[in-house]
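Notes for the one structure printed next.
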Amino acid sequence: MNSFRDLTMHEARAYTEVNGPSLVSMNEDMVLAARKENPSLGAYTHFLDDDGLGSKESPLSGFHGAIKANIAGQGWPTHCGSRFLEHYISPYDSTVVARLRAAGSRFMGITTMDEFGMGSSCEHTSLGQVVNPWDRSRTAGGSSGGSAAAVAAGLAWFALGSDTGGSVRLPAHFCGVVGLKPTWGRISRHGLVAFASSLDTIGIFGRDVQDVHLVFQTVAGRDLYDATTLEETVDPSALETVDNLQGLKIGLPEDLENSQWGADVSRDYHCSVAMLRDLGAEMVPVSLGSILDSVAAYTVLNCAEAASNLHRFDGSLYGHRENRKSYIESLSQSRNQGFGKEVKRRLLLGAHVLSGGYRKQYYLRACAAQQDLISQFQKLFGKMDLLALPTAPTAAFALGSRLDDPLGMHLTDILTVPASLAGLPALTLPTSLNSQGLPLSLQLVGPACSERLMLEKARVLEELIGFRKIKEAPWNLHI
Ligand code: GLN
């Protein structure tokens with residue numbers, strides 16, 4: 001019996017309470033299925049032996065989650081998708097893992113990712129290759145592609161990823177699952193391997209909005225191990241059930257249409273907007289202006305911060321080491337052998353934009369553009385509660401199709417980087433399938449710390465759409 005694979009965590013719990021199999025047996029089946037099906041999917045690079053039922057009476061107790069390979073757990077291979085850390089074992093738990101453990105969660109395995117989070121397709125890695133569960137010739141997205149694929153294929157109840165410029169939202173969009181990127185500082189980054197610290201967030205994948213909320217409530221909130229976490233308390237109560245969006249103002253960009261977008265994305269977006277209107281939301285026309293040009297600033301900033309953060313990988317402290325006669329030689333050989341092409345590309349660009357002669361021209365201008373974007377968003381949130389955008393210009397693209405086109409790959413993030421640069425929460429909600437049977441989605445962006453409002457309102461649309469019931473969905477195929 002494995003019909004549980006179309007269930008969410010809250011449904012599974014309710015189901016076992018009535019007459020279904022026990023949670024332990026559902027989990028055992030999922031563990032077996034994950035090990036059996038992973039070789040052709042590639043969502044996991046490592047499995048963790050973490051069986052049994054959680055001891056705590058929390059809504060997450062006993063459920064297996066998948067964890068991205070840049071989030072530390074004691075004794076786990078936190079390899080970050082990099083040869084450099086291929087044999088690195090974490091000596092401690094990140095705060096998110098510690099909080100999940102305390103809530104009785106179990107951990108299924110470590111998921112495939114782009115090296116240090118740099119990528120949009122999980123193809124920039126030497127460790128593993130994940131494919132899209134809806135169409136195995138396509139990418140699952142990146143950089144948290146393994147986590148999204150695991151949830152979409154019914155091989156984890158929930159998953160953690162990281163989102164610096166869209167790495168939770170893009171794979172959620174490609175794989176047809178719900179993905180939340182929280183406000184910067186809302187979820188502790190203690191134990192997350194840094195990529196671009198001022199943008200990095202730990203995000204959540206779930207099969208529906210309510211599951212994402214359950215995980216959010218468990219891991220979010222102030223943490224003494226991360227001085228950048230926000231004081232804002234996390235409401236422990238369940239999401240309120242509402243059946244309409246009366247009184248909600250949703251920003252509808254007037255300057256969004258772009259010839260590079262697929263007609264499917266455009267159609268789906270208009271359809272979602274019509275549904276929001278039908279549910280009673282007031283659509284407020286807004287102009288995004290230069291917000292839509294933020295990829296340029298994002299490119300400079302993420303490379304600059306990565307160049308600084310990845311200095312710690314010098315071959316002497318941890319990770320890959322090439323022993324040579326001098327420290328400098330060992331350092332350069334360790335980095336040369338340990339890092340892949342995309343990481344090297346970004347480190348070079350980062351060093352360049354931070355260098356004496358170019359700092360003003362690139363780095364400081366990007367910082368100014370970021371400040372400008374933050375104030376533009378602040379003004380916009382004076383007239384709307386949430387902003388509605390597509391998540392990406394296209395549905396999942398074919399594996400290999402953008403590998404030789406770094407710029408094309410970066411432009412995939414055009415609609416996700418604005419919320420990242422402004423530190424705002426954003427949610428990807430699956431909406432429909434295109435004519436090739438690939439998922440599409442709607443992205444909602446809210447003001448700082450509006451996760452609860454966003455999830456509550458998204459749930460109303462989710463109910464109306466009923467995406468999880470699509471019978472071709474990977475989680476329904478095994479029933
Ligand atoms: N795809 C983006 C990049 O390559 C975002 C990555 C991320 O969010 N980690 O920079």
Side-chain angles (χ1 to χ4, degrees), residues 67-71 80-82 111-125 130 139-148 159-175 179-184 187 189 192-205 294-310 339-350 353 366 370 391-394 396-397 401-403 405-428 443 445:
I67 309 290
K68 189 175 179 178
N70 58 353
I71 299 173
C80 296
S82 180
T111 59
T112 305
M113 62 179 282
D114 283 298
E115 190 172 1
F116 289 103
M118 301 178 194
S120 302
S121 64
C122 281
E123 292 170 294
H124 292 311
T125 174
V130 57
T139 162
S143 63
S144 316
S147 291
L160 294 184
S162 64
D163 190 314
T164 302
S167 278
V168 164
R169 288 161 287 160
L170 185 70
H173 163 73
F174 282 0
C175 292
L180 173 71
K181 171 228 174 285
T183 311
W184 188 83
I187 295 182
R189 287 179 294 121
L192 169 71
V193 179
F195 159 18
S197 317
S198 78
L199 309 171
D200 290 343
T201 57
I202 289 184
I204 301 162
F205 296 96
S294 31
V295 170
Y298 171 75
T299 303
V300 171
L301 293 174
N302 89 73
C303 292
E305 292 191 29
S308 170
N309 273 325
L310 270 62
F339 291 144
K341 219 162 136 190
E342 178 64 16
V343 171
K344 285 180 191 160
R345 196 161 26 218
R346 296 201 196 196
L347 296 186
L348 286 174
L349 190 63
V353 300
Q370 182 181 23
T391 305
T394 64
F397 51 84
S401 64
R402 298 202 185 167
L403 267 183
D405 175 16
L407 189 64
M409 193 75 107
H410 291 316
L411 288 177
T412 314
D413 305 325
I414 189 165
L415 297 165
T416 50
V417 293
S420 298
L421 284 179
L424 300 174
L427 182 83
T428 285
Q443 180 185 193
V445 180

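Both backbone and side-chain heavy atoms feed into the values below; hydrogens, waters and symmetry mates do not. In each ligand, atom 1 is the first atom listed, and ligand 1 is the first ligand listed.
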Legend entry - Spacing of NZ belonging to K181 relative to OG1 belonging to T164, to within rounding of 0.5 Å: 9.0 Å

Inset, instruction - Could you grab the distance from atom OG of S147 to atom CZ of F205, nearest 0.5 Å is fine? - result: 5.5 Å

Inset, instruction - Could you list the residues that satisfy side chain to side chain contact (heavy atoms under 4.5 Å, CB included) with D114, not counting sequence neighbours? - result: C122, H124, S143

Inset, instruction - Grab the two heavy atoms, one from T201 and one from P182, that are nearest each other, plus how far apart they are. - result: CG2-O, 3.7 Å

Inset, instruction - Write out the protein residues near ligand 1, meaning a non-hydrogen atom under 4.0 Å from one of its atoms, in order of chain and number. - result: G117, M118, G119, S120, S143, D163, T164, G165, G166, S167, F195, Y298, R346, D413

Legend entry - Separation between OG of S162 and CG of N70, rounded to the nearest 0.5 Å: 4.0 Å

Inset, instruction - Say whether R169 and S420, considering side chains only, have a donor N or O and an acceptor N or O under 3.5 Å apart. - result: yes

